[in-house]
Trainee: 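What follows is a single structure, and I will ask about it in a moment.
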Amino acid sequence: MDKWKRRIINVLTVSCFGIWLLNRCDMAAGSVECQGSGKNAELIFYDCLGNVVYKEPCTDDRVRINYITDDIVEISYWFGSPFHYAFYYNVKTADLSVKDGPAYMDPVLIDFQYAAYWDYDKEVLVITDMYQKGLYYKEVQLDFSPTMDPTGLIQRFELTEDEESFIVEYYSGKDYETVKEIIPLWD
């Protein structure tokens, strides 16, 4: 009988430790740090347990690390106003938008679920799932006012309450008139 009691105590101990570890990871958050300086700088992404998820060389004078929510970090590389490219990291889930795709050029976030950016090659606005997991992708033709950075003309971009469509307000035409359009999420 003592053998079974020890086994039960061992199983309970291991189970309690596992539950503690899962709770710690769920409550804890990872981080993003820029280590080094100049040409030797490096962005390092950590998960909630302190493990390195991703590393990328960077020039520390051009990179900006901005917590846009408690969970989401925007990492931006600036090339001069208004041009920058950005990607996103979720410190709770360790989702990183650049692992499966490129960084976004001058992105607009939509309800922290989608990212919109201008595809300069196709000359269309692209809307995709924020972490580029292949869950959503749509190309949209909008009549932006003449500009080098069409996403800079977007005043508002959000999901409707029923999450079936996007509402976008932007400047259109040579007189820069505000236009509001509804874009269905799914065609």
Side-chain angles (χ1 to χ4, degrees), residues 20-140 142 144 147-159 166 168 170 185:
W20 173 82
L21 187 62
L22 286 172
N23 283 334
R24 181 176 181 267
C25 188
D26 190 43
M27 293 184 317
S31 63
V32 179
E33 297 176 10
C34 184
Q35 295 182 354
S37 62
K39 293 182 180 180
N40 296 323
E42 185 173 47
L43 280 173
I44 302 175
F45 298 78
Y46 296 96
D47 67 11
C48 63
L49 297 174
N51 299 316
V52 174
V53 174
Y54 182 73
K55 287 183 181 183
E56 176 175 299
C58 69
T59 53
D60 62 339
D61 61 332
R62 288 193 175 172
V63 69
R64 304 286 183 270
I65 299 170
N66 182 28
Y67 280 76
I68 55 178
T69 70
D70 289 342
D71 298 344
I72 300 171
V73 181
E74 179 181 64
I75 299 88
S76 302
Y77 286 92
W78 291 86
F79 299 105
S81 185
F83 298 106
H84 71 285
Y85 71 88
F87 56 98
Y88 302 94
Y89 181 64
N90 187 311
V91 295
K92 293 275 187 178
T93 63
D95 284 329
L96 182 64
S97 66
V98 295
K99 270 191 167 179
D100 298 322
Y104 301 112
M105 186 67 160
D106 302 320
V108 175
L109 284 185
I110 307 163
D111 294 346
F112 305 111
Q113 296 179 54
Y114 303 93
Y117 63 94
W118 185 254
D119 185 319
Y120 287 91
D121 293 330
K122 296 180 181 179
E123 295 188 359
V124 295
L125 185 71
V126 174
I127 307 168
T128 184
D129 53 298
M130 188 172 163
Y131 293 104
Q132 302 182 54
K133 293 182 176 182
L135 304 173
Y136 187 81
Y137 181 90
K138 185 171 195 161
E139 295 178 358
V140 181
L142 297 177
F144 287 109
T147 184
M148 290 183 65
D149 176 24
T151 58
L153 298 178
I154 295 173
Q155 298 174 310
R156 176 179 160 212
F157 211 142
E158 60 190 32
L159 282 169
F166 296 106
V168 61
Y170 62 96
L185 195 65

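FYI, the numbering just counts along the sequence from 1.
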Trainee: Looking only at heavy atoms, which two atoms of Glu158 and Arg156 are closest? And how far apart?
Mentor: OE2-NH2, 2.9 Å

Trainee: Do the side chain of Asn90 and the main chain of Ala94 share a donor and acceptor less than 3.5 angstrom apart?
Mentor: no

Trainee: Does the side chain of Tyr46 come within less than 4.5 Å of Val53's, by heavy atoms?
Mentor: no

Trainee: If you count every heavy atom of other residues, nucleotides or ligands that lies below 6.0 Å from Gln35 atom CD, does the total exceed 12?
Mentor: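 Count over threshold, so yes.
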
Trainee: Please lay out, stage by stage, how Phe112 and Asp71 fare under the test side chain to side chain contact (heavy atoms under 4.5 Å, CB included).
Mentor: CA-CA 10 Å; Phe112 305 111; Asp71 298 344; over 6 Å; no

Trainee: Do His84 and Pro107 touch side chain to side chain, with heavy atoms closer than 4.5 Å?
Mentor: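 Yes; the side chains approach each other to less than 4.5 Å.
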
Trainee: Is there a donor-acceptor pair closer than 3.5 Å between any side-chain N or O of Asp111 and the backbone N or O of Gln113?
Mentor: no

Trainee: Got more than 12 heavy atoms from elsewhere within 6.0 Å of CG, Asn51?
Mentor: yes

Trainee: Between Phe157 and Phe166, what is the ring plane arrangement, given parallel below 30°, perpendicular above 60°, and tilted in between?
Mentor: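 Phe157 vs Phe166 ring planes: perpendicular.
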
Trainee: Do Val32 and Ile44 touch side chain to side chain, with heavy atoms closer than 4.5 Å?
Mentor: no

Trainee: Using only atom types and a distance under 3.5 Å, with no angle test, would you say the side chain of Tyr137 pairs donor to acceptor with the backbone of Asp129?
Mentor: no

Trainee: Thr69 side chain to Ile72 main-chain N or O, any donor-acceptor pair under 3.5 Å?
Mentor: yes

Trainee: Would you check if Val63 and Cys34 make a side-chain contact, meaning some heavy-atom pair closer than 4.5 Å?
Mentor: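 Heavy-atom side-chain distance check passes, below 4.5 Å.
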
Trainee: Please evaluate residues Tyr85 and Trp78 with respect to the criterion ring pair (Phe, Tyr, Trp, His ring centres under 6.0 Å), reporting the C-alpha separation (whole Å), side-chain torsions for both, the decisive distance (0.1 Å), and the verdict.
Mentor: CA-CA 7 Å; Tyr85 71 88; Trp78 291 86; over 10 Å; no

Trainee: So does Asp106 get a backbone contact from the side chain of Thr151, meaning a donor-acceptor N/O pair under 3.5 Å?
Mentor: yes

Trainee: Just wondering, do Ile68 and Val73 contact through their side chains at under 4.5 Å, heavy atoms?
Mentor: no

Trainee: Got a donor-acceptor contact below 3.5 angstrom from the Tyr67 side chain to the Glu74 backbone?
Mentor: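 Side chain of Tyr67 to backbone of Glu74, a donor-acceptor pair under 3.5 Å: no, none is there.
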
Trainee: Would Tyr136 and Tyr114 count as a close aromatic pair, with their ring centres under 6.0 Å?
Mentor: yes

Trainee: On a heavy-atom basis, which atom in Phe144 and which in Tyr170 lie closest, and how many Å separate them?
Mentor: CD2-CD1, 3.6 Å

Trainee: Could you give me the CA-CA distance, side-chain angles and deciding distance for Tyr88 and Ile75, then say whether side chain to side chain contact (heavy atoms under 4.5 Å, CB included) is met?
Mentor: CA-CA 6 Å; Tyr88 302 94; Ile75 299 88; over 6 Å; no

Trainee: Check whether any side-chain heavy atom of Tyr77 sits under 4.5 Å from a side-chain heavy atom of Leu43, and report yes or no.
Mentor: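 Yes, their side chains come closer than 4.5 Å.
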
Trainee: Applying side chain to side chain contact (heavy atoms under 4.5 Å, CB included), run through Glu139 and Lys122 and close with a yes or a no.
Mentor: CA-CA 9 Å; Glu139 295 178 358; Lys122 296 180 181 179; 2.6 Å; yes

Trainee: If only atom types and distance count, is the side chain of Tyr120 paired as donor or acceptor with the main-chain N or O of Met148 below 3.5 Å?
Mentor: yes

Trainee: Out of Val108, Thr128, Ile127, which residue meets the side chain to side chain contact (heavy atoms under 4.5 Å, CB included) rule with Tyr117?
Mentor: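 Only one option passes, and that is Thr128.
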
Trainee: Just do the ring pair (Phe, Tyr, Trp, His ring centres under 6.0 Å) check on Tyr104 and Phe87 with the steps written out, would you?
Mentor: CA-CA 6 Å; Tyr104 301 112; Phe87 56 98; 9.2 Å; no

Trainee: Are the side chains of Met130 and Leu109 in contact, using a 4.5 Å heavy-atom criterion?
Mentor: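 A side-chain contact exists here, since the closest heavy-atom pair is under 4.5 Å.
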
Trainee: Working note: Ser97 + Asp95, criterion side-chain hydrogen bond (donor to acceptor under 3.5 Å, both in side chains); need CA distance, chi angles, decisive distance, verdict.
Mentor: CA-CA 7 Å; Ser97 66; Asp95 284 329; over 6 Å; no

Trainee: Could you grab the distance from atom CG of Leu125 to atom CD1 of Ile154, nearest 0.5 Å is fine?
Mentor: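 So the CG of Leu125 and the CD1 of Ile154 are separated by 5.0 Å.
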
